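Written out below as structure tokens is the structure these notes cover.
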Amino acid sequence: MQTTPVSDTSDIHTFSQEARDAIYHTIFSRRDVRSQFLPTTIDDAVLSRILTAAHFAPSVGFMQPWNFLLIKSEEIKTRVQQAYISANAEAMTMFEGEKRNTYQQLKLEGIRDAPIGICITCDRERTGSVVLGRTHMKTMDLYSSVCAVQNLWLAARAEGLGVGWVSIFHEHELQAALGIPEHIVPIAYLCVGYVSHFYPKPELETKGWLPRLPIEELVYFDQWGNADPNQPLIAHLQRDQMAAQDIANRAAMPLPKE
Ligand SMILES: Cc1cc2c(cc1C)N(C[C@H](O)[C@H](O)[C@H](O)COP(=O)(O)O)c1[nH]c(=O)[nH]c(=O)c1N2
């Protein structure tokens, strides 16, 4: 991907070329990881950095609604996995035919394989019931905790750590497994650990579940549904989507034989 600054738009705030490349490298090579976890312990210094990255996420009204519940106990992980197993059995029946066969072959969690689980939550009442920026769109606090998830996910990738988000749970069962009070929303259960390798593409793409959508079909101009293939931006998007995949391919090498 060409990240050289365009001269008339660059200014003193633009990162150096190396820093920009590092950011894009992190974003394009991040993966959801389920199967490749190694038992290697994560140093507290590293854990601290990725949690701090999460804590520096944006949040509506600066309410910082998150907590970070770290799960190392095998017993608790097993409880969480039980909640996953029962929810996943239900989930499987919701797909039909060939889709169900494919679903059955997917590994959708690494709860006990990963050395650590991190549950990121949302306390919807953290700063009271009226929150700057959430007065009309009530879900903004939930989205804020999701921003923390993404920060952690990217920081973890830069540290060489894989992260896998597991959401196949009944919320109350995950709360029960982790002792989370009813008014605290579990946003993400993340399996975190060093990995043997990162895939160059989403596993769901590699295993035939769904392809990545062409970005140019997702961009509208001024009004919903108003696509315009003649806009000069479109050619940039097509090139950059390919370049992004190239970066992910290179980051994933060398892949072990499976
Ligand atoms: C909110 C949310 C919830 C889940 C996920 C993601 C997000 C954002 N993903 C991971 C998801 O399958 C993955 O992000 C996409 O397939 C794209 O792959 P990469 O993340 O780019 O590798 C996910 N993966 C999985 O195996 N089990 C799961 O329960 C979930 N749940």
Side-chain angles (χ1 to χ4, degrees), residues 23-37 50 54 57 66 71 77 80-95 99-100 102-114 117-122 139-158 160-171 173-174 177-178 185-193 195-215 218 240-253 255:
I23 292 266
Y24 290 117
H25 183 94
T26 310
I27 290 170
F28 299 136
S29 64
R30 181 210 52 79
R31 284 275 74 82
D32 185 69
V33 175
R34 304 93 190 251
S35 323
Q36 306 100 278
F37 288 110
I50 66 171
W66 42 72
I71 300 104
K77 283 183 195 167
V80 173
Q81 199 189 38
Q82 288 304 325
Y84 161 82
I85 289 169
S86 62
N88 195 45
E90 287 171 17
M92 206 172 296
T93 64
M94 294 174 197
F95 298 96
K99 214 66 180 167
R100 188 182 296 182
T102 310
Y103 187 96
Q104 276 169 336
Q105 281 153 38
L106 296 170
K107 178 163 167 29
L108 298 174
E109 57 82 33
I111 298 163
R112 290 180 63 225
D113 308 333
I118 303 178
C119 185
I120 301 186
T121 56
C122 180
T139 45
M140 291 301 141
D141 52 348
L142 302 173
Y143 304 156
S144 303
S145 284
V146 175
C147 291
V149 175
Q150 181 71 349
N151 269 16
L152 183 142
W153 208 337
L154 291 172
R157 179 62 189 88
L161 290 166
V163 172
W165 186 330
V166 189
S167 57
I168 304 166
F169 298 113
H170 285 289
E171 190 173 285
E173 289 183 6
L174 184 59
L178 296 175
V185 182
I187 298 293
Y189 187 92
L190 304 172
C191 307
V192 182
V195 296
S196 55
H197 59 283
F198 284 96
Y199 281 97
K201 290 184 173 182
E203 268 191 73
L204 293 189
E205 184 173 9
T206 306
K207 295 182 176 162
W209 187 256
L210 283 171
R212 186 180 298 284
L213 301 173
I215 185 172
L218 305 175
D240 283 341
Q241 181 155 329
M242 281 196 291
Q245 188 55 60
D246 257 13
I247 291 171
N249 292 347
R250 273 183 272 121
M253 286 197 296
L255 273 177

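Atoms within each ligand, like the ligands themselves, are counted from 1 in listed order. Predicted model only: the values in this text are computed from it and were never measured. Quick note: residue numbers are just sequence positions, from 1.
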Seminar exercise, completed: Contacts for ligand 1, heavy atom under 4.0 Å, by chain and number, are Arg30, Arg31, Asp32, Arg34, Leu108, Trp165, Val166, Ser167, Ile168, Pro202, Leu204
For this session: Under the side chain to side chain contact (heavy atoms under 4.5 Å, CB included) rule, collect the residues that match up with Asp240, sequence neighbours excluded.
Result: Met1
Problem set entry | Residues forming a side chain to side chain contact (heavy atoms under 4.5 Å, CB included) with Leu106, sequence neighbours excluded | Leu108, Leu204, Lys207, Trp209
Problem set entry | Partner residues of Tyr143 under the side chain to side chain contact (heavy atoms under 4.5 Å, CB included) criterion, sequence neighbours left out | Thr139, Met140
Exercise. Can you find a pair of side-chain heavy atoms, one from Val185 and one from Ile187, that are under 4.5 Å apart?
Worked result: yes
Exercise. Charged N to carboxylate O under 4.0 angstrom, Lys77 versus Asp113?
Worked result: no
Exercise. Do Ile50 and Trp153 come close enough that some side-chain heavy atom pair is under 4.5 Å?
Worked result: no
